[in-house]
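Only a predicted model underlies this, so the values are computations on that prediction, with no experimental measurement involved.
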Amino acid sequence: MISTVLLLASLPQLITYETKAARLPVILTELEPRIGTKLECEGSFKNDVLVIRVDGVDSKTLLDKIAQAAVGKWTRSGDRLVLSPDSVRRKQQEDELLSRREKVIQRMLDQFKKDLENAYDGPTLHALKSGLDERRSGYDQQQYAARVGQERAFRPLDRLAMRSLIEIGARRLAEIKPGQRLVFSANPTPRQLKWPKQNDLLSRFYSEWNLHQELFGADQRGSTWAYIRNAGVMPTQLSNVDRIWLAVADPLREARGAKITVVNAAETVAFGNTMDLTIPPQATTTSNPENLPETKLTLDPLSEALSTALRSLWTFPRPKVEIDPRLIELISRPTKHEPLAFGSELYLQYAVARKVNLVAWINDNAFGRGVTFKAETVKMFDQFSRPNMNFDESEGWLVMTPASPAEARRSRDDRATMERLIQSVIADKRITFDAKADYVYQRPLTLPEGLGLRLALMLDQSHPTLNQEANEQILRLYGSLSLEQRRAIRSGGRIPSAALSPAQRLVWEQVVYGTRPSSISPSFAPADKNVRYDRIDGMAIEPTHEWPNGIPSGASLGLEMSTDFELRPQPKYNVHFSGAYDLASQLFYEQNPELIEGDIRQWLRPDTFVAYDKTSLTFNIVLDKNFAWTGTFDDLKNISGPVKADQLPPHIREALKKQVEEMNRQKAAGMKYKLTVGGGFRPGQKPPPPYGGSDRAN
């Protein structure tokens with residue numbers, strides 16, 4: 001490789017340049033006439049986004065800083081300079097990420113060791129249980145962490161999981177990738193791993209379990225503390241365990257946790273628990289430069305508008321936000337106009353105030369939840385940025401990169417994929433099931449909440465909030481299908497596993513074997529409704545045990561679709577309404593107040609709703625004669641709202657009318673009803689005052 005010094009020996013020495021966030025290929029094109037040579041980057045850089053502000057710097061240093069931020073290296077190819085990935089440095093960043101994860105997980109395991117230090121005897125258990133019974137209602141992070149540790153130390157099953165995780169070790173747990181699920185077993189199948197030190201761990205588990213049951217087995221509160229699920233049979237002793245599994249999924253993400261399941265040989269006892277892998281909090285410190293100027297930072301009007309619209313996604317109920325048409329036009333073409341450009345003017349103003357030359361490589365979470373947009377001064381920007389960014393400052397230069405460049409690189413949305421999703425929202429006036437599935441399938445197997453989805457939801461005013469996410473695996477499953485396959489299952493056909501491409505088989509396996517700790521993801525049911533699967537509470541269903549050699553050759557995928565509508569009360573009522581039935585019940589009680597105990601004036605009934613036409617799509621993968629994986633996605637299309645109950649669309653008002661008429665007919669026949677919000681009616685019972693307890697509006 002020729003050094004950058006030789007490559008640029010004959011080039012102009014001083015460059016002045018400034019750009020808001022833009023993709024690297026665009027920046028290099030703009031720099032070409034200033035530097036005096038053709039600049040290119042390899043395809044892997046096409047979505048890298050930088051913010052640059054330099055004043056009178058030499059070409060060599062500028063290109064070196066760009067390479068540093070983007071983790072690349074320059075080489076000469078004919079008359080061009082080409083930026084290619086620096087594989088050595090990127091490998092170092094991956095190793096650093098793994099090392100950081102390992103250290104964090106080790107803190108968790110060290111806490112487990114402390115939880116396990118107390119003697120496990122009668123007096124200790126009674127003291128622990130007494131302390132747990134005196135829970136405080138207020139939330140304090142340190143008190144909560146201590147209480148979680150106490151609860152883990154109390155439950156034999158959690159103690160077995162903690163000891164097992166300690167034996168597995170922080171390094172092995174840190175190596176678990178997003179969406180990966182490892183299952184450790186006492187008797188492993190080809191898809192399971194060997195449980196370390198199983199005999200010693202099981203021996204201690206048996207003794208602790210039997211002591212716990214001796215002290216608390218007859219006490220229903222004791223059984224609750226133990227998190228036992230069974231058919232009403234509480235064994236006084238546990239032995240003859242046939243299968244025991246520990247499933248662990250990426251412990252540093254939203255789905256962090258471990259699932260432990262125990263089944264005895266006769267299958268008369270099957271129980272389990274999903275355990276949160278709580279990471280002990282650790283104080284963080286930032287070394288802000290002294291004497292930062294209190295210079296005000298100012299957002300451009302369109303950036304301010306985007307900030308307001310994005311913040312609305314986390315508000316319930318979501319307020320209606322009028323979005324500037326100019327903003328929509330720019331957001332709709334992320335391949336032409338980089339979305340991260342909005343708000344990136346703060347980086348430029350920060351560099352001016354600090355009097356530094358700036359090259360910043362920013363990730364798609366630069367928006368976050370509007371955190372960057374809230375930085376009103378240079379000092380605030382510095383405080384917000386340092387926990388999430390690396391600052392490399394020297395000799396008048398500042399190079400900013402994500403705190404975890406390796407993770408940021410993997411989670412970057414492809415701009416062409418993002419554009420297809422946003423364009424579909426503009427065309428269809430909402431995010432359709434197909435468009436969202438295509439988007440999620442194209443993303444890496446990480447959290448589905450990418451920048452493209454946030455922008456699409458912002459433009460789709462029919463969706464209340466960002467937090468109402470569907471099962472990602474259902475979306476990925478459907479997104480993997482071709483148009484022909486989608487038409488086939490929508491018309492009642494089935495797709496055999498033999499017809500799968502390698503990429504589709506991978507998605508199916510992620511669905512069946514799971515990407516979260518729980519072995520039931522989202523549910524397993526008998527494929528043949530005439531076949532009863534009588535393992536207790538379904539806890540014995542572990543996919544890596546049932547199908548150790550992969551998806552059976554006779555498996556197939558089908559889809560059942562149904563239509564209904566959904567009403568969501570506005571604006572303050574944190575109550576879910578199912579179809580017309582809950583609203584119809586309230587209309588019925590208004591007509592029949594004598595059935596209500598209490599003062600009807602205390603009835604806090606919402607009178608304003610948003611109405612949706614709802615299509616429920618229930619996918620099922622039939623695996624064998626006893627099992628089928630099932631999962632449902634509700635595709636909502638906003639049809640009205642917010643409107644009063646008497647202004648709902650005609651077909652909903654007609655359904656309400658018929659439901660109320662039916663209730664009145666049943667009342668005339670002598671039946672009485674109890675209203676259960678979200679659950680319909682119970683015949684033969686007198687209703688309590690509506691909206692009592694947790695169902696009362698906030």
Side-chain angles (χ1 to χ4, degrees), residues 3-24 26-37 39 41 45 48-74 81 83 86 89 92-93 285-298 340-341 343-363 366 372 375-403 405 408:
S3 71
T4 310
V5 175
L6 295 177
L7 292 172
L8 300 175
S10 61
L11 299 181
Q13 294 300 303
L14 299 181
I15 303 292
T16 297
Y17 175 71
E18 175 180 296
T19 179
K20 292 183 180 180
R23 289 188 298 142
L24 185 53
V26 174
I27 291 175
L28 296 183
T29 299
E30 292 180 351
L31 286 175
E32 283 181 356
R34 292 173 171 84
I35 293 180
T37 191
L39 303 173
C41 59
F45 288 103
D48 282 17
V49 178
L50 280 73
V51 181
I52 297 177
R53 187 189 185 280
V54 293
D55 186 8
V57 301
D58 64 89
S59 305
K60 170 193 175 301
T61 304
L62 174 57
L63 292 185
D64 281 346
K65 297 298 183 183
I66 290 175
Q68 175 187 343
V71 194
K73 56 185 179 181
W74 293 100
L81 291 178
L83 185 66
D86 187 331
R89 288 176 55 208
Q92 290 174 345
Q93 290 179 342
T285 58
T286 58
S287 55
N288 294 349
E290 296 180 359
N291 303 319
L292 277 178
E294 289 293 343
T295 308
K296 291 286 185 181
L297 302 181
T298 306
L340 294 180
S344 65
E345 59 267 27
L346 299 186
Y347 288 81
L348 301 176
Q349 295 172 36
Y350 176 80
V352 171
R354 290 283 312 278
K355 298 180 180 179
V356 294
N357 295 300
L358 172 72
V359 175
W361 189 96
I362 58 178
N363 65 8
T372 301
E376 299 173 352
T377 66
V378 168
K379 188 172 183 178
M380 289 177 65
F381 182 90
D382 193 277
Q383 291 173 339
F384 282 144
S385 299
R386 286 186 183 269
N388 305 306
M389 301 284 285
N390 293 319
F391 279 54
D392 186 347
E393 302 180 66
S394 64
E395 300 178 352
W397 279 89
L398 171 59
V399 177
M400 296 177 64
T401 54

Looking at [X] and [Y], what are the two nearest heavy atoms and their distance?
| X | Y | answer |
| --- | --- | --- |
| P33 | E30 | CD-O, 3.4 Å |
| K65 | S394 | NZ-OG, 4.3 Å |
| L63 | W74 | O-NE1, 2.9 Å |
| A403 | P387 | CB-O, 4.3 Å |
| S385 | M400 | CB-CE, 4.2 Å |
| V378 | A353 | CG2-CB, 3.4 Å |

(message) Quick check with a 6.0 Å cut-off and a 45 degree axis cone: is R386 positioned over the face of F391's six-membered ring?
(response)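 Here R386 passes the 6.0 Å and 45° test against F391.
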Is there side-chain contact between [X] and [Y], with heavy atoms separated by less than 4.5 Å?
| X | Y | result |
| --- | --- | --- |
| I362 | M389 | yes |
| Y350 | L358 | no |
| L24 | L83 | yes |
| I52 | I66 | yes |
| Q349 | T295 | no |
| Q68 | R89 | yes |
| W397 | D392 | no |

(message) If you count every heavy atom of other residues, nucleotides or ligands that lies below 6.0 Å from E395 atom CD, does the total exceed 12?
(response)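 No, not enclosed.
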Quick one: pull up [atom1] in [X] and [atom2] in [Y] and give me the separation to the nearest 0.5 Å.
| X | Y | atom1 | atom2 | answer |
| --- | --- | --- | --- | --- |
| Y347 | L297 | OH | CG | 12.0 Å |
| L398 | N357 | CG | CG | 9.5 Å |
| L340 | N363 | CG | CG | 8.0 Å |
| L81 | E32 | CG | CD | 9.5 Å |
| L62 | R34 | CG | CZ | 10.5 Å |
| K73 | D64 | NZ | CG | 14.0 Å |

(message) If we ignore hydrogens and angles and just use 3.5 Å, is the side chain of T401 paired with the main-chain N or O of A69 as donor and acceptor?
(response)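 No; zero donor-acceptor contacts below 3.5 Å.
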